[in-house]
Asks: 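Supplied in structure tokens, the structure appears directly below.
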There are 2 protein chains.
Amino acid sequence: MMQQSQSADGMQQYSYAYPRPSVTVDVVLFTFSDGELRTLLIQRAGPPHTGQWALPGGFVHLDESLEAAAQRELLEETGVEDVYLEQLYTFGEPERDPRGRVITVVYFALISADQAARMAVRGGDDAQDAAWWNVYNLPPLAFDHAPILDYALQRLRWKLEWTALGFLLLPAQFTLSELQSVYETVLKEGLDKRNFRRKILAADILEESGGYREGDHRPAKLYRFTAKAIELEQARRRFP
Amino acid sequence: MMQQSQSADGMQQYSYAYPRPSVTVDVVLFTFSDGELRTLLIQRAGPPHTGQWALPGGFVHLDESLEAAAQRELLEETGVEDVYLEQLYTFGEPERDPRGRVITVVYFALISADQAARMAVRGGDDAQDAAWWNVYNLPPLAFDHAPILDYALQRLRWKLEWTALGFLLLPAQFTLSELQSVYETVLKEGLDKRNFRRKILAADILEESGGYREGDHRPAKLYRFTAKAIELEQARRRFP
DNA sequence: CCAAAAGTGTTATGCTTACACCCATGC
DNA sequence: GCATGGGTGTAAGCATAACACTTTTGG
């Protein structure tokens, strides 16, 4: 079935009776800071598409699950752990990678502005640089990563329209105005302040932290989400 | 990168510098007939799990897209074309196949009772038999196919709750009572007849065919779905 | 004429939406 | 004291959900 051997030049070789594709995982990582919805991209250090920006990702090891691979890549390239992660879609057009047949299982991740700020954004092995980009102002992307990102953005929109997970993009404590701003930026539409507050509070997933955000004007109450918030994830349209 | 060579025993070999997983596609195929929600399974002719029932599927060829692979497998194992097909999820636990690392991209398909009746349900190369099974009364399944089928059933439920695609499981012409029966079987709950009819007609995706289903009792109007029905796929909860 | 499925409207309730003003703070 | 964002309630319209009887056919 499979043979492992040395080839003439001393490289280890893995041989199979039928050709096999490579399988990678890529991660679309979103956060929200400075009033912008952002995604993490890495700049490619080698061919193909040298110098272009791409989604973080890499090859799946044979002894790890797909989700574990996504988590590992995220940790290696960003130092982040404890991330909301879900499988997005698998892309496998034959011509999507010039090096040969590469099928990629794409994950979708949301991290808090806290984590994004703390994390070591550094390139891994095959990356020379990593940076957060405003999703509405992206550079040209390598491979088919542009449509993949579009698709992830659709999923994010869907998630915020139908669930109350928007707070995952914010720091642990946040004001209702900040949360509303997340929704407005992602959904690209203005929302009514009173209706927004009524609805998000009715969902019963937030509690007052007791603190206040001090600023230039009237201080705003800080909220945090409660434990049940994530499991709940009600599929009801929340914001008209 | 890749080498193609003859091994000692004359078999062709494909060699790579790093180990690669196998990639398959599997298809969960649903239809509705004789008042039952059914799925197509094939009985395995060879190891592993010889004699057990499994989802139809097979290896992805390197020159075809994932969706094309799903369509090809479906054609090879059932003779069906023109199917509503969408990607469901990718399963890749390291131990899910005893032969080694096999990642499977699972597709979700709905076919009409017409097509199901016409189709040649025959085994392919690696299948000795194929049959439709009531989804609520399945045999033991090979590999991790039982949880995969559960997940597909969840997706089907979700689809019927939020869209009006239930008619895809029925013949080209059907009565509203038949359609209601699909919804009730899939959702496992009774629905109010008047509300059901009002709502499905309000969706504006059905038209009267002009014919009647003759039977033991009062004949029922036959409907067919209109062209726009499939694209529309409104995400609104349709049935209370 | 009886059994069985087809077909048909109305009302109460709750949710969604639209809308405008006062409050607390920093400068 | 004024500029700025924080915070609050109500009423109209719409969609949902509950509910029972008449019609048509075959046997």
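These numbers were taken from a predicted model, which means no experiment stands behind them. Letters A, B, ... are given to chains in the order of the sequence lines, protein chains preceding strands, and every chain is numbered from 1.
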Asks: Would you please say whether a donor-acceptor pair under 3.5 Å links the side chains of A:S177 and A:R197?
Replies: yes
Asks: What is the distance from CD of A:Q180 to P of D:dG7, rounded to the nearest Å?
Replies: 11 Å
Asks: Can you confirm whether the side chains of A:E207 and A:T226 place a donor and an acceptor under 3.5 Å from each other?
Replies: no
Asks: I need the CZ-P distance between A:F196 and C:dT16, as an integer number of Å.
Replies: 15 Å
Asks: When you check the gap from the basic side-chain N to the acidic O, do A:E208 and A:R224 get nearer than 4.0 Å?
Replies: no
Asks: So, B:Y84 versus B:E86: side-chain donor-acceptor pair below 3.5 Å or not?
Replies: yes
Asks: Send over the distance from A:I200 CD1 to D:dG7 C1', rounded to a whole Å.
Replies: 16 Å
Asks: Whether A:K193 and A:E184 form a salt bridge (side-chain N of Lys/Arg under 4.0 Å from carboxylate O of Asp/Glu) is what I want to check.
Replies: no
Asks: Give the B/S/- string for nucleotides 2-10 of chain C, one per nucleotide from 5' to 3', where a protein heavy atom under 4.0 Å of the base yields B, of only the sugar-phosphate yields S, and otherwise -.
Replies: --BSBBBBB
Asks: In whole Å, I'd like the distance from the CD atom of A:E214 to the C1' atom of C:dA24.
Replies: 11 Å
Asks: Under a 4.0 Å N-O cut-off, is there an ion pair linking B:R72 with B:E76?
Replies: yes
